[in-house]
Peer 1: 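Sharing a structure with you now.
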Amino acid sequence: MTIIITGGAGFIGSHVVRLFVNKYPDYRIINLDALTYAGNLENLRDIETKDNYIFEKVNLLDTADLERVFSQYSPDGVIHLAAESHVDRSIVSPMDFVYTNVVGTVNLLNAAKTAWAGNFEGKRFYHVSTDEVYGALGDTGLFTETTPYDPNSPYSASKAASDHFVRAYGETYHMPVVVTNCSNNYGPNHFPEKLIPLFINNIITKKPLPVYGDGLYTRDWLFVKDHATAIDLVFHKGKDSETYNIGGFNEWKNIDLVKLLCKQMDEKLGRAPGESEQLITYVKDRPGHDRRYAIDASKINKELGWKPSVTFEEGLSQTIDWYLENTEWLEHVTSGAYQQYYEQQYAVK
Ligand code: NAD
Ligand code: DAU
């Protein structure tokens, strides 16, 4: 089997590529990635020389190059993760999200449709999406697969649009599609613009920890390797035209999560208890900030037998250890353009 995994140089994509390359030596895994600021081949150093792994630097907006890859490798499956993924960037530059997440996804659907030419036997187009398409929850309730779409940020609106296109290609052209909507991931290789890796980096360097608004926003956190195992399961066992929600059964208010992170890091860094908490700084809120996300993952649990493998405390501890052991990775990704982004994003808050 040949599988194109898009966004394989990014955070979640690199864990999916590693899992597939190691677990399925008979498969040919094509990592298709444009290497934007978020794509980093250092994430894949340990598997890059494997015989069943190929990297293709391709932008989803380059339709000719996409067609070239599909005709060169004749893939049986596509697992689509490539996206602009950061909500704060989508507020500043929404068009980047329209181009990559919407137009890029439709370009990829077209490339697959052309290559498969109506013969969908043994084929699968798997679209990786987010729980943010469902909007915001109040104090109670969970997102299920039938929760109406209600996106609030340019990022979530672009992901919602891409989900609709994938579904439409399933209905209209009978393309075998499957979609998953997952909650917040954390773990190794996470770019330090998102809450957990940003705060780990700031604790290491003793910089302020910018908590948006009142800090009482809630997210449902899942260890990235557990998301990768869910993707493996859905790719192989999920039903066509179905949606599966994936989540950690693990809700945390931001401020409680930040305090846990500070506690674990003080212990690991040999700092006095409470030292890192003093870095917490409340800053201006994110516009359109969704109050609470929480996933009901009972469908994937009941139908495919998936559940998370680590507790949040264990996963967070493993994550911190990874960042403390991979200082070179952190230095590389936080040099250059990152500094400029950081100053623009946090100067005014
Ligand atoms: P990421 O930002 O870390 O990685 C995105 C990857 O896509 C990068 O390697 C980048 O180079 C590539 N890419 C971006 N634009 C491209 C283009 N035009 N052409 C080709 N490649 C391009 O993202 P992530 O956090 O790993 O998220 C991966 C997917 O999972 C996204 O679709 C995202 O919406 C979804 N998701 C993420 C989370 C999360 O918590 N991070 C949760 C649920 C769903
Ligand atoms: O729910 C899934 C989504 O999770 C994915 O689809 C997105 O790609 C991913 O980026 C993530 O979106 P969030 O906006 O929830 O993640 P982020 O890490 O940016 O923020 C998590 C929470 O922390 C959110 O309530 C905003 C808050 N926050 C974030 C940053 C970067 C802060 O308080 N301060 C910060 O500096």
Side-chain angles (χ1 to χ4, degrees), residues 5-17 31-41 43-44 56-62 65-66 79-91 96-97 99-101 103-105 107-108 127-134 136 143 153 155-156 158-159 162-163 180-187 189-199 202 208-222 224 227 231 246-247 252-255 257-258 280-286 288-295 342 345-346 349:
I5 299 180
T6 74
F11 166 48
I12 303 170
S14 62
H15 288 275
V16 177
V17 166
N31 174 12
L32 186 157
D33 197 298
L35 298 183
T36 67
Y37 79 92
N40 184 354
L41 291 178
N43 293 345
L44 293 163
E56 283 280 357
K57 185 174 186 300
V58 174
N59 195 311
L60 294 174
L61 299 177
D62 186 339
D65 215 15
L66 274 183
I79 305 179
H80 178 35
L81 295 110
E84 288 293 339
S85 67
H86 190 37
V87 174
D88 291 327
R89 287 184 193 256
S90 82
I91 295 166
D96 292 346
F97 289 69
Y99 290 130
T100 285
N101 298 358
V103 179
T105 298
N107 285 343
L108 192 67
H127 179 59
V128 175
S129 193
T130 171
D131 61 355
E132 299 203 8
V133 298
Y134 299 123
F143 295 134
S153 73
Y155 163 68
S156 53
S158 70
K159 291 296 291 186
S162 66
D163 293 9
T180 50
N181 296 85
C182 186
S183 65
N184 287 62
N185 285 215
Y186 69 97
N189 308 97
H190 205 180
F191 192 81
E193 61 184 353
K194 312 281 167 63
L195 179 74
I196 290 181
L198 177 81
F199 280 33
N202 285 13
L209 305 177
V211 174
Y212 294 162
D214 62 6
L216 300 178
Y217 293 83
T218 300
R219 297 291 182 266
D220 174 358
W221 293 92
L222 177 67
V224 64
H227 189 188
I231 289 174
I246 305 171
W252 284 80
K253 287 194 170 50
N254 290 342
I255 192 63
L257 184 162
V258 171
I280 293 173
T281 312
Y282 287 92
V283 298
K284 194 171 152 231
D285 211 347
R286 170 186 281 175
H289 199 169
D290 285 331
R291 193 62 169 169
R292 175 172 164 259
Y293 303 145
I295 281 276
Y342 197 90
Q345 176 63 23
Y346 293 102
K349 297 195 171 179

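All values below come from the heavy atoms of this structure, side chains included, with hydrogens, waters and symmetry mates left out. Note that ligands are numbered from 1 as they come in the structure, with each ligand's atoms numbered from 1 the same way.
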Peer 1: From Asp290 CG over to Thr218 OG1, what is the distance, rounded to the nearest 0.5 angstrom?
Peer 2: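 Here the interatomic distance stands at 11.5 Å.
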Peer 1: With nothing but distance in play, are any N or O atoms of Tyr37 less than 3.5 Å from an N or O of ligand 1?
Peer 2: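 Between Tyr37 and ligand 1 (N or O atoms, distance only) the closest approach is not under 3.5 Å.
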Peer 1: Considering both backbone and side-chain atoms of His190, is one of its nitrogen or oxygen atoms within less than 3.5 Å of a nitrogen or oxygen in ligand 1?
Peer 2: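 No; the residue has no nitrogen or oxygen that sits under 3.5 Å from a nitrogen or oxygen of the ligand.
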Peer 1: From Asn101 CG over to Tyr155 OH, what is the distance, rounded to the nearest 0.5 angstrom?
Peer 2: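 Output value for this atom pair is 7.0 Å.
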Peer 1: Return the set of residues passing side-chain contact (heavy atoms from CB on, under 4.5 Å) with Tyr37 (not counting sequence neighbours), or none when no residue passes.
Peer 2: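 Partners of Tyr37 under the side-chain contact (heavy atoms from CB on, under 4.5 Å) test: Glu84, His86, Arg89, Phe191, Glu193.
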Peer 1: Nearest non-hydrogen contact with atom 14 (C) of ligand 1 belongs to which option: Cys182, Ala34, Ala82, Ala83?
Peer 2: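 Selected option, by shortest heavy-atom distance: Ala83.
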Peer 1: Would you say His227 has any N or O atom under 3.5 Å from an N or O of ligand 1, going by distance alone?
Peer 2: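 The answer is no, given that His227 and ligand 1 share no N or O pair closer than 3.5 Å.
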Peer 1: Please identify which atoms of ligand 1 are closer than 4.0 Å to at least one heavy atom of Ser85.
Peer 2: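 Going through ligand 1 atom by atom, the ones under 4.0 Å from Ser85 are 1 (P), 2 (O), 23 (O), 25 (O).
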Peer 1: Who's closest to atom 37 (C) of ligand 1 heavy-atom-wise, of Asn31, Asn184, Ile12?
Peer 2: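 When every heavy atom of Asn31, Asn184, Ile12 is considered, Ile12 comes closest to atom 37 (C) of ligand 1.
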Peer 1: Do the side-chain N and O atoms of His127 and Ser162 include a donor-acceptor pair separated by under 3.5 angstrom?
Peer 2: yes
Peer 1: Around atom 9 (O) of ligand 1, find the nearest protein heavy atom and jot down its residue, atom name and distance.
Peer 2: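 That would be Asp33 OD2, 2.5 Å.
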Peer 1: Working to the nearest 0.5 angstrom, can you tell me the gap between Ile295 CD1 and Asp131 CG?
Peer 2: 4.5 Å
Peer 1: In chain order, what residues pass the salt bridge (Lys or Arg N to Asp or Glu O under 4.0 Å) check against Asp163, with sequence neighbours excluded?
Peer 2: none
Peer 1: Under the rule for side-chain contact (heavy atoms from CB on, under 4.5 Å), what residues qualify as partners of Asn184, not counting sequence neighbours?
Peer 2: Arg219, Trp221, Tyr293
Peer 1: For the pair Val283 and Tyr212, evaluate side chain to side chain contact (heavy atoms under 4.5 Å, CB included) and give the outcome as yes or no after the intermediate values.
Peer 2: CA-CA 5 Å; Val283 298; Tyr212 294 162; 3.6 Å; yes
Peer 1: Would you mind reporting whether Asn181 and Glu132 have side-chain heavy atoms less than 4.5 Å apart?
Peer 2: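 Glu132 does not reach Asn181 side chain to side chain.
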Peer 1: Looking only at protein heavy atoms, identify the closest one to atom 16 (C) of ligand 1 and say how far it is in Å.
Peer 2: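 Scanning the protein heavy atoms, the shortest distance from atom 16 (C) of ligand 1 goes to Thr100 CG2, 3.9 Å.
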Peer 1: Among Gly10, Gly8, Ala9, Ser14, whose heavy atom sits nearest atom 4 (O) of ligand 1?
Peer 2: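 Going through Gly10, Gly8, Ala9, Ser14 one by one, Gly10 has the nearest heavy atom to atom 4 (O) of ligand 1.
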Peer 1: What are the atoms of ligand 1, with element, lying closer than 4.0 Å to any heavy atom of Tyr155?
Peer 2: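 Counting from 1, the qualifying ligand atoms are 33 (C), 34 (O).
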Peer 1: Do the side chain of Thr6 and the main chain of Leu81 share a donor and acceptor less than 3.5 angstrom apart?
Peer 2: yes
Peer 1: Answer with side chain, backbone, both or neither: which part of Asp131 has a heavy atom less than 4.0 angstrom from an atom of ligand 1?
Peer 2: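 Near ligand 1, Asp131 shows nothing, with every heavy atom at 4.0 Å or more.
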Peer 1: Does Lys159 reach ligand 1 with a nitrogen or oxygen that is under 3.5 Å from one of the ligand's nitrogen or oxygen atoms?
Peer 2: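 Right, the criterion is met.
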Peer 1: Identify, for atom 40 (O) of ligand 1, the protein heavy atom at the shortest distance, and state residue, atom and that distance.
Peer 2: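 Among all protein heavy atoms, the one nearest atom 40 (O) of ligand 1 is Asn185 N, 2.9 Å.
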Peer 1: Give me the residue, atom name and distance of the protein heavy atom closest to atom 10 (C) of ligand 1.
Peer 2: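 Of every protein heavy atom, Thr36 OG1, 3.3 Å lies nearest to atom 10 (C) of ligand 1.
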Peer 1: Does ligand 1 have a heavy atom under 4.0 Å from the side chain of Val58, from its backbone, from both, or from neither?
Peer 2: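 Val58 to ligand 1: backbone contact only, side chain stays beyond 4.0 Å.
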Peer 1: Does the side chain of Tyr134 come within less than 4.5 Å of Ser156's, by heavy atoms?
Peer 2: no
Peer 1: If we only count heavy atoms from C-beta on, is the Ile280 to Ile255 side-chain gap below 4.5 Å?
Peer 2: yes
Peer 1: Write down, by chain and number, every protein residue that brings a non-hydrogen atom to less than 4.0 Å from an atom of ligand 2.
Peer 2: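 Correct list: Ser85, His86, Val87, Asp88, Thr130, Asp131, Glu132, Tyr155, Cys182, Ser183, Asn184, Glu193, Lys194, Leu195, Leu198, Phe199, Pro210, Val211, Tyr212, Tyr217, Arg219, Asn254, Arg286, His289, Tyr293, Tyr346.
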Peer 1: For Leu35, take its heavy atoms, then give the atoms of ligand 1 lying under 4.0 Å from any of them.
Peer 2: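 Matching atoms, with element in brackets: 11 (O).
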Peer 1: Supply the atom-to-atom distance Lys253 NZ to Asp214 CG, rounded to the nearest 0.5 angstrom.
Peer 2: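 Going from the NZ atom of Lys253 to the CG atom of Asp214 covers 9.5 Å.
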Peer 1: Rounded to the nearest 0.5 Å, how far apart are CG of Leu209 and CG of Asn202?
Peer 2: 6.0 Å
Peer 1: Using a 4.0 Å heavy-atom cut-off, say whether His80 meets ligand 1 through its side chain, its backbone, both or neither.
Peer 2: neither
Peer 1: Check whether any side-chain heavy atom of Asp65 lies under 4.5 Å from a side-chain heavy atom of Asn59, and answer yes or no.
Peer 2: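 Contact flag for Asp65/Asn59 side chains = no.
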Peer 1: Suppose we measure from atom 19 (N) of ligand 1 to each protein heavy atom; which comes out shortest, and what is that distance?
Peer 2: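 Ranked first by proximity to atom 19 (N) of ligand 1 is Leu60 N, 2.9 Å.
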Peer 1: Which heavy atom of the protein is the closest neighbour of atom 29 (C) of ligand 1, given with residue, atom name and distance?
Peer 2: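 Result: Leu81 O, 3.1 Å.
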Peer 1: Under 4.0 Å from a heavy atom of Val128: give me the atoms of ligand 1 that qualify, with their elements.
Peer 2: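 Those of ligand 1 that fall under 4.0 Å from Val128 are 30 (O), 32 (O).
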Peer 1: Which of the numbered atoms in ligand 1 are below 4.0 angstrom from a heavy atom of Ser129?
Peer 2: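 Under 4.0 Å from Ser129, ligand 1 has these atoms: 43 (C), 44 (C).
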Peer 1: Which of these, Asn59, Val133, Ile246, has its nearest heavy atom closest to atom 17 (C) of ligand 1?
Peer 2: Asn59
Peer 1: To the nearest 0.1 Å, how far is atom 3 (O) of ligand 1 from its closest protein heavy atom, and which atom is that?
Peer 2: Phe11 N, 3.0 Å
Peer 1: Is it true that the side chains of Tyr346 and Asp88 contain a donor and an acceptor less than 3.5 Å apart?
Peer 2: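 Asp88 and Tyr346 do not have a side-chain donor-acceptor pair below 3.5 Å.
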Peer 1: At less than 4.0 angstrom from any non-hydrogen atom of Ser183, what atoms of ligand 1 do you find?
Peer 2: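 Answer for ligand 1: 42 (C), 43 (C).
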Peer 1: Can you classify the ring geometry of Phe11 versus His15 as parallel (below 30°), tilted (30 to 60°) or perpendicular (above 60°)?
Peer 2: perpendicular
Peer 1: Quick one: CG on Leu222 to CD1 on Ile12, what's the gap to the nearest 0.5 Å?
Peer 2: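 Reported to 0.5 Å precision, the distance equals 8.5 Å.
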